[in-house]
Structure formats: C-alpha cells, structure tokens
Amino acid sequence: MKIDHSLPLEYSTEENRLKILGFWIFLGAEIMLFGTLFASYFTLVDRIGSGPSGKEIFEITPVLIETIVLLTSSFTIGLGVHAMRIGRKKAMMSFFVITLLLGLVFLGVEIFEFIHYVHIGAGLQTSAFTAILLSTLGTHGLHVTFGLFWGLFILLQVKKRGLTPETANKSFIFSLYWHFLDVVWIFIFSFVYLKGMM
Amino acid sequence: MFIRKKYYMIVMLACDLYHLQKIVYMFLPSKNLERGIDLKRFGALLTLVFTIITVLTGCESLLVLDPKGPQAEVQANDIKMSIYIMSFIVLVVFGLLAYMLIKYRASKQGKDYEPPHIEGNIVVEAICVGIPILIVAFLSFMSVKSNYAVESTPKGYENKKPLVVYATSSNWKWHFSYPEENIETVNYLYIPTNRPIEFKLYSHGPITSFWIPQLGGQKYAMADMVTTLHLAADVPGEYMGRNANFSGKGFAENTFNVKAMPQDEFEDWVKEVKGTAKPLTEQKFNELLEPGHLGQLTFTGTHLGFLPPPEGENGGHNHGSHNAKMGTEKNEASESILESEHNHH
Amino acid sequence: MKELFPMKQILGFVFSLLLTVIALAVYFLDMSFSTGMTILLATAFIQAAVQLVVFMHAGETKDKGAIYTNVYYGVFIALATVFGTLLTMIWGYN
Amino acid sequence: MDFFDRFAIPHPSLAIYASMVAIVLTVIAIVVGLTYFKKWGYLWREWLTTVDHKRIGIMYLISALLMLFRGGVDALMMRAQLAVPENTLLDAQHYNEVFTTHGVVMILFMAMPFIMALMNFVVPLQIGARDVAFPRLNALSFWLFFFGAMLFNISFVVGGSPDAGWTSYFPLAGNEFSTSVGTNYYMIAIQIAGIGTLMTGINFITTILKMRAPGMTLMKMPMFTWSSLIANVIIVFAFPVLTVALAMGTLDRLFGTHFFTTNNGGMDMLWANLFWVWGHPEVYILILPAFGIYSEVISTFARRNLYGYKSMVASMVIISLLSFLVWVHHFFTMGQGALTNSIFSITTMAIAVPTGVKIFNWLFTLYKGKIEITTPMLYALLFIPLFTIGGVTGVMLGMSAADYQYHNTMFLVAHFHMVIIPGVVFAMLAGLTYYWPKMFGFMLNERIGKITAWTIGISTLVAFMPMFFTGLDGQARRMYTYSESTGFGPLNMVSFVGAIGLAIGFILLVYNVYYSIRYASRDISADPWDARTLEWATHSPVPEYNFAIVPHVKSEEALWDAKKKRHILFQGNYEKIHMPNNSGVPFIMGSIFFIWGFALVFSLWPLAIIATIGILACMAHRSMEIDHGRYISVKEIEETETKLRGAK
C-alpha cells in the first residue's frame with residue numbers, strides 16, 4: 001500500500017481517497033432522500049384529517065435544545081478532526097466522545113418529543129401530516145442513532161489501533177456524515193418547525 | 001362492418017411485412033450485389049413508407065380519430081398532425097440509414113479502404129439540433145394551445161350554459177348524478193348535444209379514469225378531490241365510455257354507455273325518469289357501492305346530498321372521516337354480484 | 001490547548017449560532033409569511049454552505065470539482081423535486 | 001395452523017401448484033448435483049464469495065437471463081389470454097398478477113441486472129482499472145439485487161403475487177383494496193434490490209472518476225463508460241426517491257399510516273408522483289448504457305471513430321438533467337391544470353432533441369465507414385429504425401392534450417415496448433454477443449445469432465405495431481379481456497403471433513449459447529472483432545488482474561490507435577499487483593436481508609428483529625475487520641501471462 005505523506009492521514013492512500021469521494025457521492029444520494037421527504041412533507045403538511053396541525057403540537061423549547069445540541073456536536077466533531085490532523089489522538093478521542101454524548105442528548109430529547117406527540121394524539125397513524133412529520137423526523141433520528149453506533153465502533157478502533165490511515169479515514173468519513181446530519185437538521189428546524197410555528 | 005375494418009388493416013400490415021422482408025434481404029449477406037438491385041431495394045423502402053402512410057390515413061375509423069365532439073376533435077387533429085410530422089422524421093431516419101447501409105457496406109469498399117477519422121462537423125450538428133428544436137418548439141406551441149383548449153369550455157360553446165354531471169366511480173361501476181335535474185343513473189349516461197358538459201369526477205375507491213374516446217380524452221377520478229372534464233357532443237349517437245385506469249379485478253368490464261341526443265329529447269328523458277324511477281336512498285347507495293358489476297340503473301335524487309363530494313370544505317385538505325367507511329369491504333365479499341350481474345351490460 | 005481550537009472553526013460555529021438566532025426571529029417576531037420564508041431560506045442555505053466549507057472541508061482536495069458538482073447536482077434535483085411536486089400536487093389545482 | 005395459513009396462495013391455480021413442484025424439484029436437483037459433483041467448495045470460493053467485477057458481472061448476466069424468461073412467460077400468457085375476445089385462459093385475478101410481475105421483473109430484475117452485468121464486466125476493463133472502487137460493496141450490491149429478486153419471485157408460490165400493476169398505484173395497492181401480501185412483496189423486494197442498485201451507482205461513479213488509466217482524461221473515455229457514468233449519476237439521485245416512496249408504502253401497509261389512503265388526509269396521487277420522480281429517470285438509467293453499447297458496436301463495425309463524440313457526451317449530460325424534470329407526463333390526466341401540463345409537456349418533448357442528436361450521430365458514424373454486419377451490428381441496425389418509431393411516438397405522447405387520448409391505452413404500451421425492447425433489450429443482446437468472447441473465451445455462432453436477431457427484430461414489430469392501432473381504437477391497457485364487438489380481436493391475434501416470434505427468438509438465443517459452448521473454437525485472439533477500445537487489449541478470457549501492466553492511454557480509441565498509430569499501451573515491467581480478498585459477508589448479508597424481507601412481508605416481527613440485528617452485526621463486523629487485501633507476485637503474473645499467450 002502506497003502511503004502519501006504529503007497529505008493528511010485520512011487521504012494518504014488511494015483507497016482512502018476513493019472512500020472519501022465515494023462517501024461524498026453517498027451524501028448526494030442522501031440529499032435526494034431528504035429532499036423527497038421534504039417534498040412529501042410540504043405536500044401533506046395541511047392534510048391533517050381529524051388530527052392536530054403542526055401549529056398545535058410544536059413546542060419551541062425541545063426544538064431549540066435539539067438544535068443547539070446538534071450544532072455544538074457538529075462543532076466538536078470538527079475540532080476532533082482538526083485534533084486528528086495534528087496528531088493529537090487523546091484530544092481527538094475526547095472530542096469524538098463529546099460529540100457522541102451530545103448526539104445522545106439530542107436523541108433523548110427527540111424520543112421525549114415523540115412520546116409527547118403520541119401522548120397528545122399525534123401518532124403515526126393519526127393523519128397523513130403526522131405520518132410524514134414523524135417519518136421525516138424519524139429518518140433523521142434513525143440516522144443519528146446509526147451514527148452513534150458507528151461512532152462508537154470507530155472510537156474503539158482508534159483506541160485499539162491508534163491513528164492509522166484506516167482509522168483516520170473512517171473518522172473523517174464519520175465526521176462528514178455527522179456534519180451532514182446537522183445540515184439536514186437545520187432544514188428540519190427551519191422548514192418543519194419554524195415554518196410550522198410561524 | 002366494425003370487424004371488417006380490422007381485417008383491412010391486417011392486410012395492410014401484412015403488406016408492410018412483405019415489404020419489410022424485401023428490406024431484410026438488403027441486410028442478409030449476399031455476394032453479388034448489382035447496382036440495379038440497389039435501386040429496387042430503395043424502391044421497396046419507399047413503398048414501405050407509403051404503405052405506412054396509407055395505413056395511417058386508413059386510421060380515420062379508429063375511435064380516437066373519429067371525433068364526435070369539439071374536444072375530441074382538437075385532440076384528433078393534434079394526433080394526426082403529430083403523426084404526419086413524425087412520419088417525416090421517421091422517413092428521414094430510414095432514408096439516411098438505408099443510404100448509409102447501401103453505400104458504405106464493407107463489401108462495396110476496396111479491400112484496403114481505410115475509413116477516415118471524422119470528429120464532427122459544426123454545421124451538420126447544428127442542423128441535427130436545430131431542426132428538431134424547431135419541430136419540438138412547434139409541437140410545444142401546439143401542445144400548450146390545445147392544452148388550454150381542452151381544459152376549458154369547448155370552443156364555440158362558451159355562451160351556452162353547461163350541464164353539470166357528477167361522474168363518480170366505485171368498484172366497478174360509474175354513477176352519474178345530475179344535480180340540476182336531480183336524477184342519478186348507474187353505468188349509462190344521457191347527454192344533450194350542442195351543449196357543453198362539465199363532468200365533475202371523483203372516486204369512491206381506487207383511482208379511475210373517465211374516458212369517452214369519441215368525445216374527448218380522459219381524466220382521473222380520485223377519492224380525495226374533484227377534477228373537472230369539459231366535453232361536448234356535436235352529433236347524436238351512442239358512444240363507448242369506460243374507466244381507463246386499472247382498478248382491480250373488475251376493471252375490464254368497468255364500462256358505460258353514452259347516448260347523446262338533442263336537448264328536447266334529453267328533457268323528455270329527464271321527465272320520464274322523474275316519473276318512473278325510484279328515489280335513491282343512502283342505504284340503497286351504500287349497497288351500490290359494494291364491489292361488483294351492476295347493469296344500468298336509474299334513480300331520482302342524487303347521492304351528493306348525503307355523501308358530499310370531496311370539494312370545497314369537504315375537499316382533500318380536511319376531509320377524512322366520511323370516506324372511512326368505504327372500501328373496507330373485501331373484494332371477495334361480493335363475488336356473487338360479480339357473477340350474477342355479469343350478463344346485464 | 002490553543003492549537004486544538006482553530007479560529008476558522010470557532011468563527012464558523014459562532015456564525016452558525018448567529019444564523020440560528022436570526023432564523024428564530026420568524027418565531028419570536030410577527031412578520032408576513034413571505035418575509036419569514038425568505039429569512040428561513042436564506043439562513044438555512046447559508047448555514048448549509050458554512051457546514052460544507054468550514055467543517056466538511058469540501059474544497060480541500062483535487063476532487064473538489066467532483067464533490068461540488070455532486071452537491072450542486074443533488075441540490076438542484078432535490079429543489080426541482082420539491083417544487084415540481086408542489087406545483088403538481090397543490091398549486092396546479094388552484 | 002393459523003400461523004401457516006398466511007403463507008397459502010389466496011387464489012391458486014394449476015400453474016402455481018405446478019410451479020411449486022418445479023421449484024422444489026429444481027432446488028433438490030441443484031443441491032444433489034452440487035453434492036454429487038463435489039462443487040460446493042468451488043461454488044463458495046469462486047462465485048458466492050467473489051469480489052471480482054467480472055464474475056459479479058457474469059452472475060448479474062445469468063440472473064438477468066433467468067428473469068428474462070420468467071418475465072417472458074408472463075408476457076406470453078398475457079398475449080395468449082388477449083389473442084381472442086372473451087378468452088378464459090386466465091381469470092382477472094391471474095391476469096392482474098401476471099402483468100404486475102411482468103412489469104416489475106422485466107424492468108427491475110431483467111433490464112437493470114442486464115445493464116449491471118455489462119457495466120460490471122466492461123467498465124473497469126474499458127478504463128484500464130484492476131477492479132471497481134469498492135469490490136466488496138459491489139458484491140453486496142449484487143447479492144442485495146439477487147435476494148431482492150428471489151424474494152419477489154417467491155411471492156408466486158408463497159402468499160400470493162402482487163396484483164396492482166408494476167406502478168402499484170395507491171389506494172388500489174393499499175390495505176383497503178389489496179388484502180393479500182402481494183404488495184408487501186413488491187414494496188420490500190424492490191426496496192432491497194434498490195438499495196443494492198444505489199450502492200452500485202456510488203461505486204461506479206467513484207470508479208469512473210478516480211480509477212481511469214493514466215492519460216485517460218474524461219473526454220478520452222470510451223462512450224460506454226461515459227454512458228455508464230451518467231446512468232450511475234441518475235441512479236444515485238433517483239433511487240433515494242424510490243426508497244422513500246417504498247418506505248412510505250410499506251408503512252401504509254404494515255403500520256397503518258395514512259400516506260396514500262383515502263382517509264385521514266392521505267393522498268393517493270403522492271405515490272404516483274414519487275413513483276414517477278424515480279420512474280422516469282429510471283427509463284434513462286436503462287437506456288443510456290444501452291446507447292453506450294450501440295456507440296461501441298456501431299463504431300467498431302463501421303470501422304470508424306464515433307461521430308460527434310462531444311455532442312454525444314453533451315446530449316447525455318443534458319438528458320440526465322432533463323430526465324428529472326419530466327415525470328409529470330406519466331399522469332397528465334390527473335387534473336393538475338393546463339399550466340403544469342404545459343410545463344411538463346415542453347420539458348418532455350425537449351428530451352427528444354438530445355436523443356435525436358444521438359440517432360443522427362450514429363447514422364453519421366456509418367458515413368464513409370466500412371460497414372460489416374455482424375450479429376451485434378445487426379441488433380444496432382435494427383435498433384435505429386425500430387427505436388425511432390418508439391421515440392417519435394414518445395414525442396406524440398408528450399403532447400399533453402393528445403395524451404388524454406393515449407393515456408392508459410395500448411398505444412402507450414406499444415410506445416414503451418418499442419422504446420425499451422429495441423433500445424434496451426437489443427442493446428443488451430448486442431452487448432452480450434459482442435462481449436461474449438471477452439467473458440468466456442469463445443464466440444457465439446454468427447449464423448444463429450443473425451437469425452435470432454432477425455427473429456426478434458421482426459417479431460417486435462409484429463407484436464407491438466398493432467397495439468398502436470388498438471390503442472387509438474380505445475383498447476385500454478391491463479384489461480384481462482374484451483368483447484368481440486369491440487373489434488380488437490384480429491390485431492391482438494397478430495400481437496400474439498409476434499409474442500410467439502419473440503419467444504422463438506429467445507429460445508434461439510439459448511440454443512446459440514448451447515451450440516457455441518459445444519462447437520465454437522476456443523482458439524480466438526484477444527481482439528476478435530478488431531475493436532477500438534481498451535477492453536480488447538487484454539486476454540480473452542480476462543485474467544483476474546485485468547491488465548498485467550497498467551495501460552497508458554493517449555486517445556479516446558486507445559487500442560485502435562495502438563494498432564494503427566503504434567501508440568504503446570503497455571510500458572514497463574511487471575509489478576506485484578494488489579487485489580482485494582474474497583469475502584463471504586456480502587452473500588451472508590444478502591441472505592439475511594432476504595430473511596428480513598420475508599419477515600416483514602408476513603409481519604413476523606421477532607424474526608424481523610433478529611434479522612435486523614444480523615444485518616447490523618454484519619456491518620459491525622465489516623467496521624472492525626482488518627483486511628489489507630493480497631498481492632499477486634510478479635512470478636505468478638509471468639506464469640499467467642505465458643499461459644494465456646500460449647493459448648493464443
């Protein structure tokens with residue numbers, strides 16, 4: 001395996017460069033996935049049947065907590081990648097741990113939010129609106145959940161194997177994923193919640 | 001007579017195949033090609049093209065190309081026009097292909113002929129882009145124009161008061177409600193000629209498509225909204241109508257008869273219905289909604305009163321509960337209706 | 001410790017918080033739907049761009065052409081899908 | 001017994017029972033055969049665990065051919081049923097199942113894998129790469145497709161086939177009107193295969209962008225590679241839409257949500273909308289690689305460079321964008337108003353322009369050529385006129401006002417068959433014949449091949465031309481029967497004759513394979529067609545590392561210029577070659593996906609949860625695994641090369 005030392009570790013082999021580009025293309029597909037969910041959401045948002053509308057169920061506090069937490073986690077994982085690039089394994093791991101913990105908080109609040117919705121009669125089966133609302137949020141939430149497990153496995157590998165071209169590559173790709181989830185959340189925050197409460 | 005027309009077309013198709021066979025020979029490996037034969041082959045190709053055009057002009061008797069109302073006429077004219085333009089394109093492509101194949105076969109080239117390297121030619125490519133763009137632009141213009149034409153009251157009928165008919169489908173029937181006349185029919189439709197008809201379409205179940213080919217193109221009938229179809233009949237007569245969108249087991253037989261007649265005859269019919277038919281009750285209508293086929297039925301009153309169509313405040317946005325009771329019946333449930341009513345229509 | 005907190009990233013973070021606060025105006029202030037949507041569209045897309053450039057390092061390698069093309073293509077198609085769907089499913093019926 | 005009742009066929013017939021027996025017997029025969037000939041190990045080592053793009057391509061090919069016959073039998077049954085008025089060969093329910101599975105199988109489980117087969121086999125060779133970017137992912141893609149297809153196919157004998165059409169419009173496909181598990185199969189099997197396709201898309205874009213041989217700039221790529229790149233771009237952006245639509249459909253069916261139902265705000269047409277947002281680009285995913293094949297074949301056998309290379313590329317890029325902007329033409333008749341229809345009518349017809357450019361470029365490639373009519377070329381030459389008919393009728397359908405009359409009729413059916421069969425199927429058969437020597441080291445018989453091509457070509461015309469007329473005469477599609485008074489009978493009989501012709505054509509194809517395996521000469525050169533691109537520069541069949549030395553490319557027709565202008569392709573000495581290791585994980589993961597899908601179809605929740613955990617475990621294993629691949633030593637390369645040259 002040829003290692004190119006002029007590049008950051010995560011780009012240092014051909015395989016690594018392939019993986020990073022491949023992941024970007026995957027993110028292109030994810031843009032379309034969430035784009036479709038948004039298209040469906042906007043189409044169904046007023047079709048509330050006999051259930052509640054967004055205005056009636058959205059609350060600003062949990063949404064704000066989720067937003068701040070996720071934005072911060074996106075910042076910390078950025079710092080993690082920076083630490084990785086200057087070879088600070090411990091710092092990098094700490095930032096990743098903080099990121100995952102923030103992700104966990106986000107998930108907790110979201111689960112709480114879901115339970116609340118179901119409790120006030122806005123369950124998955126209530127109306128087209130609630131179905132698409134919970135599916136859109138749920139798809140993002142599932143991505144976060146998946147990310148938590150994925151991040152955990154990467155942390156384990158970094159701990160065990162140190163910063164090698166492989167682990168650095170995985171960590172970097174994971175950071176791309178995490179930032180992307182933040183971007184998606186910004187759109188959810190803006191066009192599901194804020195637009196709904198406007 | 002109906003069937004004889006089809007046989008005529010088969011004969012024409014067979015002619016096509018005969019000519020095609022001639023062209024086939026052009027492709028088969030043969031050793032001694034003479035110039036004379038080439039011309040014959042080209043002749044065969046031309047004959048083929050002419051045959052195609054003859055067949056197409058023989059199409060006048062096809063339902064869609066035999067319009068009996070202004071909307072169908074707009075569409076038939078569009079179709080014929082596009083067929084002619086497209087035949088021209090097909091002709092050009094076939095001609096070019098035949099020319100290239102006849103002229104540049106390996107067997108016609110010298111043994112050490114080396115085909116040249118040609119990158120492309122701006123002028124040629126500009127023509128290949130330009131002419132299609134012109135054609136597409138023209139067709140787009142026509143398309144948009146006809147589009148607005150078929151989506152509004154038929155031309156020449158603007159000043160006449162339209163007859164509103166609610167045409168609703170249920171598995172696998174059509175219900176026609178005449179709110180002004182306050183009558184309702186099942187699986188048959190009487191309309192006055194020379195008067196615009198405004199069909200309000202929706203469905204008590206799967207998506208269906210309301211289609212009377214000789215009066216105009218189709219439009220969907222859906223459960224959660226009402227769509228509008230503008231038609232009119234110029235000529236009295238009986239026309240075929242059907243659901244064109246697949247809707248399950250009874251789809252093939254999901255047809256209805258249309259009879260267009262002068263206004264006074266239509267009014268006589270309405271009177272007669274009012275005098276003889278039974279009123280449509282909610283209970284009776286729910287029975288009618290059961291999946292299955294029915295013959296032709298006639299009622300006074302309409303179902304629009306007790307089961308309002310999904311428009312206005314009952315429309316897609318907030319509707320819901322009233323539709324819930326339908327459709328839960330299994331298709332299986334009324335197998336018997338399907339069997340017993342099969343002969344009626 | 002300081003080397004762990006590069007200025008670019010901190011500024012990026014502050015900026016994204018700022019954008020969030022601006023976006024929140026549509027909730028706390030009273031404004032028309034179109035003004036609100038304009039603000040939301042602006043803040044959301046700028047925010048996405050910040051993430052893309054500052055945190056995701058989209059433009060740092062030779063592949064940046066491919067990466068940006070990919071993202072633009074995706075955004076274009078996604079927007080076409082969203083607005084095309086709205087046009088067909090809702091606006092067309094008015 | 002309640003538990004087992006759900007697996008029963010709700011509407012059985014003799015054919016289904018016969019199939020059950022046949023399936024069981026076939027499985028037994030395969031198991032016994034493998035055991036008797038002691039081939040289990042071989043199968044596992046060489047095929048099930050392979051990550052070699054060539055072998056994966058061949059597995060796609062075999063699957064596609066199998067599915068072609070499954071879908072073909074469906075087609076024959078339909079045409080037989082409609083051959084005469086009021087026929088009773090099939091009843092309505094069976095007819096509905098048959099046309100549904102025909103559509104799904106032909107589009108998703110025949111045409112798609114056929115394209116994947118050629119892409120997998122050819123693209124890395126054409127760009128001078130050792131393999132695709134992510135060989136392991138490639139294997140996973142294949143197995144997801146394969147098990148998705150298998151899941152879909154068992155619906156025939158377990159639980160009942162879907163019967164709501166390949167478009168599966170709601171609410172007909174919803175719980176209200178489809179009570180069997182058929183549509184669950186549809187939703188989940190396509191989902192599984194679709195995820196595989198999406199990953200292929202990512203894989204091939206990365207491969208083509210990053211793994212080209214030195215010197216091969218984007219504008220020096222062979223046209224098939226270009227078309228594959230564009231098709232994969234469309235895959236990456238179109239398939240997520242299908243993923244979402246299917247997930248919503250699944251939620252509706254399994255969890256009682258109201259996305260597409262007729263109550264509680266559900267919107268049935270949203271399904272149609274999303275389906276076609278994916279569905280129309282899908283058409284171009286199929287047709288573009290086919291265009292690529294034609295470009296290669298026509299240029300090879302006209303003995304000329306491809307005319308208008310740049311405009312070919314430009315037209316494909318434009319098609320890829322436009323393909324996402326036209327979907328509404330599939331439901332012009334929904335009532336969305338004249339404005340919306342006008343917009344989509346114009347975008348639809350606009351696609352005809354770049355497509356037309358391609359047709360003219362092929363015609364001009366023939367100009368001043370030295371045309372040699374081989375079997376692949378014959379398919380290409382049959383394609384041009386037939387596809388033109390299909391294409392121009394497409395423009396006619398694009399005129400929205402007129403479409404109100406074509407929609408849902410046999411005219412439409414005729415149109416898309418005249419596009420897809422000459423466009424895609426002929427291309428795949430041309431590609432199959434063209435690349436057969438590269439795949440297997442011997443050529444298919446030319447005489448039988450040409451007869452096959454003619455049979456298929458003429459039969460296509462006979463089978464589908466009459467439908468244009470019956471369509472304009474008011475025959476709706478998907479009707480299981482019609483009365484004699486409609487007068488549709490004779491023309492439908494003609495179609496049936498055409499369908500039989502097509503069947504004969506495909507049987508001839510199989511016969512050709514059999515005949516050539518037995519009698520064809522194994523003594524062929526690496527470049528039997530005197531072709532122009534890089535894939536013909538290596539041995540036939542291709543060694544596992546593709547090229548012993550990485551080629552250096554100077555022009556868009558690398559091999560041709562090496563032959564004519566003495567460009568040197570291979571410089572330098574052998575070096576050890578890094579290759580990926582085989583892995584059983586993709587196959588195992590595919591099998592677990594199959595179980596997962598089956599569990600969801602029948603709502604077997606504990607099993608579904610176990611399978612989900614299994615899938616996640618496979619991913620976790622992959623994450624933790626250390627696999628640096630292996631090296632092929634210089635000595636081994638030398639041995640292989642000497643052996644292959646000896647066979648020349």
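What you are looking at is a predicted structure, and each value in this text was computed from that prediction instead of being measured. Labels below follow one simple rule: chain letters A, B, ... track the order of the sequence lines, proteins then strands, and each chain is numbered from 1.
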Between OG1 on residue Thr76(A) and CZ on residue Phe55(C), distance to nearest 0.5 Å: 9.0 Å
Closest contact, heavy atoms only, Gly35(A) versus Ala78(C): CA-CB, 4.2 Å
Trp178(A), Phe38(A), Phe189(A), Tyr41(A): which one forms the most heavy-atom pairs within less than 4.5 Å of chain C? Phe189(A)
What's the separation between atom CD1 in Ile31(A) and atom CG in Asn70(C), rounded to the nearest 0.5 Å? 6.5 Å
The interface call for Leu33(A) against chain C, heavy-atom contacts under 4.5 Å, is neither
Rounded to the nearest 0.5 Å, how far apart are OH of Tyr73(C) and CD1 of Ile25(A)? 12.5 Å
Is it the side chain or the backbone of Tyr11(A) that comes within 4.5 Å of chain C heavy atoms, both, or neither? side chain
Between chain C and each of Glu30(A), Met32(A), His179(A), count heavy-atom pairs under 4.5 Å; write down the option with the most. His179(A)
Chain C contact via Ile68(A) - side chain, backbone, both or neither, heavy atoms under 4.5 Å: side chain
For Ala44(C) and Phe191(A), the nearest pair of non-hydrogen atoms, with its separation, is CB-CE1, 3.8 Å
Phe172(A) versus chain C, heavy atoms under 4.5 Å apart: side chain, backbone, both or neither? side chain
Is there a side-chain contact between Phe58(A) and Tyr27(C), using heavy atoms and a 4.5 Å cut-off? no
Among Lys62(C), Met89(C), His57(C), Met31(C), which has the most heavy-atom pairs under 4.5 Å with chain A? His57(C)
What part of Leu79(A) lies closer than 4.5 angstrom to a heavy atom of chain C: side chain, backbone, both or neither? both
Check step by step if ring-ring contact (aromatic ring centres under 6.0 Å, His included) holds for Phe83(C) and Phe42(A). CA-CA 9 Å; Phe83(C) 287 104; Phe42(A) 296 141; 8.1 Å; no
Find out whether Ile86(A) and Leu4(C) are in side-chain contact, i.e. whether some heavy atom of one side chain is under 4.5 Å from a heavy atom of the other. yes
So, for Phe75(A) and Phe5(C), is the gap between ring centers shorter than 6.0 Å? no
Selection from Ile77(A), Ile60(A), Leu27(A), Val184(A) maximising heavy-atom pairs under 4.5 Å formed with chain C: Ile60(A)
Between Ile39(C), Leu52(C), Leu41(C), Leu29(C), which shows the greatest number of heavy-atom pairs under 4.5 Å with chain A? Leu41(C)
Measure the spacing between CE of Met198(A) and CG of Asp30(C) and express it to the nearest 0.5 Å. 10.5 Å
Please answer whether the main-chain N or O of Glu3(C) pairs with a side-chain N or O of His82(A) as donor and acceptor at a distance below 3.5 Å. yes
Should Trp24(A) and Met56(C) count as side-chain neighbours, where that means a heavy-atom distance under 4.5 Å? yes
Name the region of Leu21(A), side chain, backbone, both or neither, that has any atom closer than 4.5 Å to a heavy atom of chain C. side chain
Most contacts with chain C, counted as non-hydrogen pairs under 4.5 angstrom, among Ala83(A), Gly78(A), Ser175(A): Gly78(A)
Within a radius of less than 6.0 Å around CZ of Phe112(A), do more than 12 heavy atoms belonging to other residues, nucleotides or ligands occur? no
Could you tell me whether the side chain of Lys195(A) reaches within less than 4.5 Å of the side chain of Leu40(C), counting heavy atoms only? yes
Check each atom of Ile10(C) against the heavy atoms of chain A and say whether the ones under 4.5 Å are side chain, backbone, both or neither. both
Segment of Phe95(A) engaging chain C (4.5 angstrom heavy-atom cut-off): side chain
Between Val54(C), Ile77(C), Thr88(C), which shows the greatest number of heavy-atom pairs under 4.5 Å with chain A? Ile77(C)
If you tally heavy-atom pairs under 4.5 Å against chain A, which of Thr85(C), Thr20(C), Leu19(C), Leu24(C) wins? Leu24(C)
Which bit of Thr72(A) is near chain C, if near means a heavy-atom gap under 4.5 Å: side chain, backbone, both or neither? both
So does Gln51(C) get a backbone contact from the side chain of Asp182(A), meaning a donor-acceptor N/O pair under 3.5 Å? no
Tell me the closest heavy-atom pair linking Ala39(A) and Thr81(C), and the distance in Å. CB-O, 4.2 Å
Quick check on Val81(A) against chain C: is it the side chain, the backbone, both or neither that has a heavy atom closer than 4.5 Å? side chain
For Leu194(A) and Ala23(C), which heavy atoms make the closest approach, and how far apart are they? CD1-O, 3.5 Å
Do you know which of Arg88(A), Met197(A), Met92(A) has the most heavy-atom pairs with chain C at a distance under 4.5 angstrom? Arg88(A)
Determine, for Arg17(A) against Glu60(C), whether the closest basic-nitrogen to carboxylate-oxygen distance falls under 4.0 angstrom. no
